[in-house]
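Protein chains get the first letters and strands the later ones, always in sequence-line order, with residue 1 at the start of each.
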2 protein chains.
Amino acid sequence: MRSPSEDTIAVRISKALAERIIAGTLEPGTRLRQDHVAAEFGASHVPVREAFRRLEAQGLAVSEPRRGVRVAAFSKAEVREVAEMRAALEELALRHAAPNLTAAILDAAEEATRAGDKSRDVGSWEAANRAFHRTLLAPCNMPRLMAAIDDLHAASARFLFAAWRSDWETRTDHDHLAILAALRQGEVDHACSILARHVRAVTPRPVPTASGVTRRLFVVDG
Amino acid sequence: MRSPSEDTIAVRISKALAERIIAGTLEPGTRLRQDHVAAEFGASHVPVREAFRRLEAQGLAVSEPRRGVRVAAFSKAEVREVAEMRAALEELALRHAAPNLTAAILDAAEEATRAGDKSRDVGSWEAANRAFHRTLLAPCNMPRLMAAIDDLHAASARFLFAAWRSDWETRTDHDHLAILAALRQGEVDHACSILARHVRAVTPRPVPTASGVTRRLFVVDG
DNA sequence: TGGAATCAAATTATCTATAATCTTTGGAGA
DNA sequence: TCTCCAAAGATTATAGATAATTTGATTCCA
C-alpha cells in the first residue's frame with residue numbers, strides 16, 4: 001500500500017497553484033508569499049519554494065532573487081509568442097505522430113471534439129480541446145516535445161480563461177474536423193498546415209461590448 | 001554595491017552542476033546526492049534541492065519522488081528529438097529576427113563563425129557556435145522562445161562533448177556562412193531552410209576507428 | 001546447497017523549526 | 001521636499017527531526 005497521495009507536498013502545491021493561475025483565480029502580478037502559501041497548505045516554506053521553482057519553469061510565475069515570486073503577466077506579445085511556439089512544435093509533433101495514428105486514435109480525437117462542441121462552460125471546453133490535441137500528438141513518442149507542448153497549452157489556457165470569463169458561446173470546431181479528415185486521407189502535410197494555422201489563430205483583438213467600451217477579447221481557436 | 005555574488009546559492013550550485021553535466025564530468029545516470037553536493041559547496045541541502053529542480057526543468061537531470069535525482073541519460077532517440085525541436089524553434093526565431101537584423105549583427109555572427117573555425121578544442125568551438133546562433137536569433141524579441149532554445153542548446157552541447165571527447169578536428173562551417181549570405185541578400189526563407197537542415201544534422205552514426213572497433217560517434221553541425 | 005522471502009539497520013530524501021540577511025517602508029531631521 | 005536611518009516584513013539559508021527506500025544479513029523452504 002502507498003500513502004494517500006503519491007506526489008510530494010511540493011508537487012501538490014505547485015499543481016494547486018497552477019490550477020488557480022490558469023483559471024485566473026490568481027491574477028497576473030499577484031505576489032506569492034511563501035509563508036502565506038505554506039500556512040494555507042499546512043506545510044513549511046521549503047516545499048513551497050520548490051513548488052515556486054516548478055511554476056517558474058512552466059512559465060506561470062516569475063521570480064526575482066531576494067524579491068519574491070509573482071504570477072507571470074502576459075502581454076499581447078506573449079500571447080502571440082506562445083501561439084507561434086505551439087504552432088511550430090505541434091506541427092512537428094503531428095508530423096512524427098502521423099505514421100503511428102490508428103483509426104481508433106482518430107476516432108478518440110473526434111470524440112473529444114464533439115465533447116467540446118457540447119460543453120456549456122469554458123472549463124470543460126478547454127479540457128476537451130486539450131484532450132483532442134494530446135490524443136493526436138502523443139503517438140509521436142517524443143516525451144520532451146510533449147512536455148514542452150503541455151506547458152504551452154497551460155499558458156494558452158490562461159488567455160482563454162481570461163478572455164472568456166463572461167461571455168461564452170459554443171461553436172463547432174471545424175478546424176479539428178478538417179485535421180481529422182486530412183489525416184484519414186493520408187494528407188499529412190495538409191493536416192499539419194491546418195493545425196499550425198489553427199493554433200496560430202489565438203489572436204488578441206479588441207471587441208466592442210454592450211456598454212460601448214471596447215474591451216480586449218481574445219479569440220482562441222486552439 | 002552588491003555582494004560578491006549576485007546569484008543565490010541555489011542558482012550558483014545549479015550553474016556549476018549544469019557545466020559538469022554538459023561537459024560530461026558528471027556522466028549520465030550518476031546519482032546526485034544532496035548531502036554530498038551540499039557538503040562540497042559548503043552549503044545546506046535546501047538550496048541544493050532548489051538547484052535540482054532547476055536542472056530538472058532544463059532537462060539535465062531527472063528526479064523520482066523519494067528516490068533521488070540522477071543525471072539525465074540521452075539515447076539516440078533523444079538526440080534526434082532535441083535536434084528536431086531546435087530546428088523547429090530556431091527557424092521560427094530566425095523568421096522573426098530577420099526583419100530586425102542589421103549589418104552589424106550579421107558581421108558579429110560572421111565573427112563568431114570565424115572564431116569557431118580557429119578554435120583548437122571542443123569547448124571554445126561550442127562557445128563560438130552558441131554565440132553565432134544566439135547573435136542571429138536574439139533579435140526576435142521573444143524571451144520565452146529564446147529560453148527554450150538555450151535549454152536545447154545545452155542538451156545539444158552534451159552530445160557534442162560526449163562525441164568529441166577524444167578526436168577533434170577543425171572544419172570551416174560552410175552552413176553558417178551560407179545562412180549569413182542568404183540573409184544579406186534578403187532571402188529569409190532560404191536562410192531558414194538552411195538553418196533547419198543544419199540544426200537537424202546532429203545525427204548519431206557509427207564511425208570505424210583505428211582499432212577496427214566501430215564506436216559510436218556523433219556528427220554535430222549545429 | 002541454492003534461492004526466495006523477511007526483517008532490521010543504515011542511508012537518503014523530505015519536511016519542520018529557527019536563525020540570519022536582504023528589501024522595503026515609514027518617519028525624523030535638515 | 002529630500003535624505004537618511006531605523007524598524008518591520010519577507011526571502012534565503014541552517015540545523016535538526018521524520019519518513020521512506022535501499023541494503024545486507026538471516027531464516028525458511030525447495
Side-chain angles (χ1 to χ4, degrees), chain A residues 1-21 25-73, chain B residues 1-21 25-73:
Chain A
M1 285 303 278
R2 293 303 180 92
S3 55
S5 67
E6 287 282 326
D7 290 336
T8 181
I9 292 183
V11 174
R12 239 172 17 231
I13 293 177
S14 84
K15 284 181 180 174
L17 292 180
E19 271 183 29
R20 290 186 208 168
I21 294 174
T25 310
L26 285 171
E27 294 186 2
T30 305
R31 288 195 60 168
L32 297 173
R33 274 165 299 204
Q34 57 187 7
D35 286 342
H36 295 201
V37 176
E40 181 192 337
F41 286 89
S44 180
H45 66 257
V46 172
V48 174
R49 292 180 64 74
E50 290 191 44
F52 285 172
R53 295 290 157 270
R54 197 173 283 266
L55 294 173
E56 203 183 344
Q58 290 181 300
L60 295 177
V62 291
S63 154
E64 287 178 291
R66 307 211 166 261
R67 300 189 57 179
V69 173
R70 293 177 167 279
V71 176
Chain B
M1 287 304 276
R2 293 303 180 91
S3 54
S5 66
E6 286 281 328
D7 291 336
T8 181
I9 291 184
V11 174
R12 241 175 11 233
I13 294 178
S14 84
K15 284 182 181 174
L17 292 180
E19 272 182 29
R20 291 187 208 169
I21 294 174
T25 310
L26 285 171
E27 293 186 5
T30 305
R31 287 194 62 170
L32 296 174
R33 275 165 299 201
Q34 56 186 11
D35 286 340
H36 295 201
V37 176
E40 181 193 337
F41 286 88
S44 181
H45 56 255
V46 174
V48 174
R49 291 179 65 74
E50 289 192 45
F52 285 173
R53 294 289 158 271
R54 201 172 280 266
L55 294 173
E56 202 182 347
Q58 290 180 299
L60 295 177
V62 291
S63 155
E64 288 178 290
R66 306 212 166 260
R67 299 189 59 181
V69 41
R70 308 177 89 90
V71 176

Can you check whether [X] reaches [Y] side chain to side chain, under 4.5 Å on heavy atoms?
| X | Y | value |
| --- | --- | --- |
| A:F52 | A:L17 | yes |
| A:V71 | A:E27 | no |
| B:R53 | B:E56 | yes |

Hey, what do you get for OG (B:S14) to CZ (B:R54), rounding to the nearest 0.5 Å?
-> 5.0 Å
Summary of protein contacts for nucleotides 9-17 of chain C, nucleotide by nucleotide, where a base hit scores B, a sugar-phosphate-only hit scores S (4.0 Å, heavy atoms) = ---SBBBBB
Which residue pairs pass the salt bridge (Lys or Arg N to Asp or Glu O under 4.0 Å) test when at least one of the two sits in residues 36-49 of chain B, sequence neighbours left out?
-> A:E50-B:R49, B:R20-B:E40
